[in-house]
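Encoded as structure tokens, the structure appears first; notes follow it.
The sequence lines fix the lettering, A, B, ..., with proteins before strands; numbering per chain opens at 1.
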There are 2 protein chains.
Amino acid sequence: MDIEKKVYRTPDGLPVDIAIFTILSREQPSSYRTLAHRELNVLLVKRSRDSEAFPGYWALPGGFSGENETLAEAAYRELKEETNVDNFVRIEQVKTVYYPGRDPRGWMPSVVYCALVQERHLLNLAADTDAEEAKLFTIGEALEMTLAFDHHELLQDTLEHVRHMMMSTTIASEFLPEEFTIRELYQVIQAVVPSFEEDIANFKRNLLATKTRKGLICESVGANGEPRTSDRHSNRPAQLYRFSGYEPSISIYNSGIF
Amino acid sequence: MDIEKKVYRTPDGLPVDIAIFTILSREQPSSYRTLAHRELNVLLVKRSRDSEAFPGYWALPGGFSGENETLAEAAYRELKEETNVDNFVRIEQVKTVYYPGRDPRGWMPSVVYCALVQERHLLNLAADTDAEEAKLFTIGEALEMTLAFDHHELLQDTLEHVRHMMMSTTIASEFLPEEFTIRELYQVIQAVVPSFEEDIANFKRNLLATKTRKGLICESVGANGEPRTSDRHSNRPAQLYRFSGYEPSISIYNSGIF
DNA sequence: CTAATAGTGTCTGTGAGACATTATTGA
DNA sequence: TCAATAATGTCTCACAGACACTATTAG
């Protein structure tokens, strides 16, 4: 174990890349209040024209983590640089990659994070569809582009990770306000996992009235116990709900929790 | 982006630690063939007495990944060094950690892997309960020890990861022979996730006869279509099954697949 | 025979899925 | 009134959970 005598340090720390996701909603043109269209987007940045590697290509934002910060702090720093949002959004580590040749400049692993950011924190980015350096793309668009390095694959892996989390945890809350309608929750899930399809009436009942899921979300009530509602998306007000913090652990082997 | 002008390379690559799990089974002393007791174990190694950091402490095995190999290859190499098992076992990346102070020697991140190894590949280790450098400990024992660095926390995180995978994927197969009985599968799940408790009769029926899980495992049959059985654990032979490769995707929001 | 485990049968209440129906609001 | 969405109701079949029961083997 003579390696322990050496000094361990890279000049720039460990590279950290971050896939920043948001769900953009478009109101449908209609004279009535109607459901919004929601679509998952990801933030990409354009590499400078005089970059040594992949100049002018779009890529996931990234940077280097220093020796005086955690990896998550480096990811947050990168997030803040690109979007100006602060630590109140949730980030998740996805994976770490290295294989020979993934960066033409040499030994360059990458710790990949993802962030789930509410649309309202990205209003300037969402509006600026012609931005030159940082821009939101729909997942469909992003996956069709030729991205720098192996970022296409990283994006795919990250997407799969987010989809899995969407179905097995309550991260849907990251894309929703504190109080939300059943329909909003339903739309958020579908925006991330399009193959999730269920009759919304049954979705609601299963969520509220079955033993294993009861308590996952609960009705929002005001100070006097009266139900709180929203008419954001319909003329008829809809009941608002909130996540309770309870998160069931599910299994492929039976239908219970463990 | 002037950092792109520099040379990126650490002298020793990225540290990789690996938690190697196995399930040890003990036959119950009885004049009849009876169920074995199965318990999850983890391999720890003892750091040399003249290590610079944590001399003489037990730790997760680890090493450095080079620039000419993938991270997984480095993990496999480490696995082979400690157990002499080859690439046929499955490894999974768990997480990557770094925070200031996690290693007294300086900047030292770690990519944590876990490996799921069948007991029969570790017979020498399992037998040698007084080994000085590498030894299997039950999870209970390992979590009560004061391990080197932050390996206690890494072990806990890894354990949680494995438990989650045990319930949401078919990695139980890594701890089982190609053909196994329902009871063996049941015991493997319980060895990893003790809180999983279900009437074994119902377990079997739910696994074989419900729409969302049908096809997960299927009956093992011989050349002539006759059912293959085993009397490893009972006088009465039990039907053997095998995983089919199908893996349902489950959700906390309903009981279907997506 | 007994001891052990494998496997089957049955009954009940709950839940999933399909679908129809009613309710509530703004314009 | 209409258009949209919210919310409720109903019916059937699947299935989870509890538990008793039978079957098969070695010794």
Side-chain angles (χ1 to χ4, degrees), chain A residues 25 27-38 179-187 196-214 216-217 219-220 227-241 248 250-258, chain B residues 25 27-38 179-187 196-214 216-217 219-220 227-241 248 250-258:
Chain A
S25 59
E27 302 298 325
Q28 306 280 22
S30 161
S31 53
Y32 296 90
R33 249 174 287 194
T34 181
L35 295 175
H37 174 86
R38 290 172 197 259
E179 299 181 317
F180 52 87
T181 67
I182 297 279
R183 193 119 210 171
E184 286 170 335
L185 171 59
Y186 182 73
Q187 287 194 318
F196 179 82
E197 277 181 0
E198 187 174 20
D199 179 305
I200 183 117
N202 290 334
F203 174 73
K204 180 178 179 178
R205 209 191 16 184
N206 291 340
L207 210 46
L208 296 172
T210 65
K211 238 183 297 185
T212 52
R213 287 179 280 279
K214 193 151 42 187
L216 215 168
I217 60 172
E219 293 191 357
S220 230
R228 291 172 56 79
T229 60
S230 155
D231 59 358
R232 295 195 272 270
H233 301 111
S234 63
N235 291 325
R236 172 171 178 177
Q239 173 69 50
L240 288 169
Y241 294 83
I250 51 177
S251 124
I252 60 171
Y253 294 110
N254 63 13
S255 68
I257 56 177
F258 57 92
Chain B
S25 58
E27 302 299 324
Q28 306 280 24
S30 162
S31 51
Y32 296 91
R33 249 174 288 193
T34 182
L35 295 176
H37 174 85
R38 291 172 197 259
E179 299 181 317
F180 52 87
T181 67
I182 296 279
R183 191 120 211 171
E184 286 170 335
L185 171 59
Y186 182 75
Q187 286 193 320
F196 180 82
E197 278 181 359
E198 187 175 19
D199 179 305
I200 184 121
N202 291 334
F203 175 72
K204 179 177 181 179
R205 211 190 15 187
N206 292 339
L207 210 46
L208 296 172
T210 65
K211 236 182 298 183
T212 52
R213 288 178 280 279
K214 193 149 45 187
L216 215 169
I217 61 172
E219 293 191 357
S220 231
R228 292 171 56 77
T229 59
S230 154
D231 60 357
R232 294 195 274 270
H233 300 110
S234 63
N235 291 325
R236 173 169 177 177
Q239 173 69 49
L240 288 169
Y241 294 84
I250 50 176
S251 125
I252 59 170
Y253 294 110
N254 62 14
S255 67
I257 56 178
F258 58 92

Could you run through nucleotides 9-14 of chain D and give me one letter per nucleotide, 5' to 3': B if any protein heavy atom sits under 4.0 Å from the base, S if only the sugar-phosphate is that close, - if neither? -B---S
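Judged as a side chain to side chain donor-acceptor pair (under 3.5 Å), and not counting sequence neighbours, Arg183(B) has no contacts. By the ring pair (Phe, Tyr, Trp, His ring centres under 6.0 Å) test, Tyr253(B) is found to be paired with no residue, residues two or more places apart in sequence or in another chain being considered. Legend: residues meeting side-chain contact (heavy atoms from CB on, under 4.5 Å) with Thr229(B), ordered by chain and number and at least two apart, are Pro237(B). In this structure Arg232(B) satisfies the salt bridge (Lys or Arg N to Asp or Glu O under 4.0 Å) test together with Glu184(B), sequence neighbours excluded. Qualifying side chain to side chain donor-acceptor pair (under 3.5 Å) partners for Glu198(A), counting only residues two or more places apart in sequence or in other chains: Asn206(A), Asn254(B). Under the ring pair (Phe, Tyr, Trp, His ring centres under 6.0 Å) criterion, Phe196(A) pairs with Phe203(A), sequence neighbours left out. Residues passing the salt bridge (Lys or Arg N to Asp or Glu O under 4.0 Å) test with Asp199(A), sequence neighbours excluded: none. Among residues two or more places apart in sequence or in another chain, the salt bridge (Lys or Arg N to Asp or Glu O under 4.0 Å) test is passed with Glu179(A) by Arg228(A), Arg242(A).
If you measure from atom OH of Tyr241(B) to atom C1' of dA6(C), you get 10 Å, rounded to the nearest angstrom. The separation between Ile200(A) atom CD1 and dT8(D) atom P is 13 Å, rounded to whole Å. Separating the CD atom of Glu197(A) from the C1' atom of dC19(C) is a distance of 17 Å, rounded to the nearest angstrom. Taking atom CZ on Phe203(B) and atom C1' on dC19(D), their separation rounds to 19 Å, with Å as the unit. Regarding Leu216(A), its CG atom lies at a distance of 16 Å from the C1' atom of dG15(C), rounded to whole Å. The distance between atom CG of Leu207(A) and atom C1' of dA7(D), rounded to the nearest whole Å, is 15 Å. One can place NE2 of His37(A) at 19 Å from C1' of dA4(D), the figure rounded to the nearest angstrom. One interatomic measurement links the two molecules: NZ of Lys204(B) to P of dC15(D), which rounds to 17 Å at whole-angstrom precision.
Heavy atoms of Leu35(A) sit under 4.0 angstrom from primed sugar atoms or phosphate atoms, though from no base atom. Contacts of Arg232(B) with the nucleic acid, taken as non-hydrogen atoms under 4.0 Å apart, are absent.
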When you compare the protein's N or O atoms with those of nucleotides 23-25 of chain C, which come within less than 3.5 Å of each other, and at what distance?
unit_1	atom_1	unit_2	atom_2	d
dA23(C)	N3	Arg236(A)	NH1	2.4
dT24(C)	O4'	Arg236(A)	NE	3.3

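Taking side-chain N and O atoms only, Ser255(A) has no distance below 4.0 Å to OP1 or OP2 of dG15(C).
When each of Ala238(B) and Glu198(A) is assigned the nucleotide of DNA chain C with its nearest heavy atom, Ala238(B) is the one assigned upstream, toward the 5' end.
Taking the side chain as every heavy atom from C-beta outward, Pro248(A) and Leu216(A) approach each other to under 4.5 Å. The closest side-chain heavy-atom distance from Tyr241(B) to Leu208(B) is below 4.5 Å.
Distance from the side chain of Asp199(B) is smallest for dC19(D) among the nucleotides dG7(C), dT5(C), dC19(D).
Contact check of residues 179-187 of chain B against DNA chain D (heavy atom, cut-off under 4.0 Å) returns no residues at all.
Here the straight-line distance linking atom CD1 of Ile182(B) with atom CD1 of Ile200(B) works out to 7.5 Å at 0.5 Å rounding.
For residues 200-213 of chain B, no pair satisfies salt bridge (Lys or Arg N to Asp or Glu O under 4.0 Å), with sequence neighbours left out.
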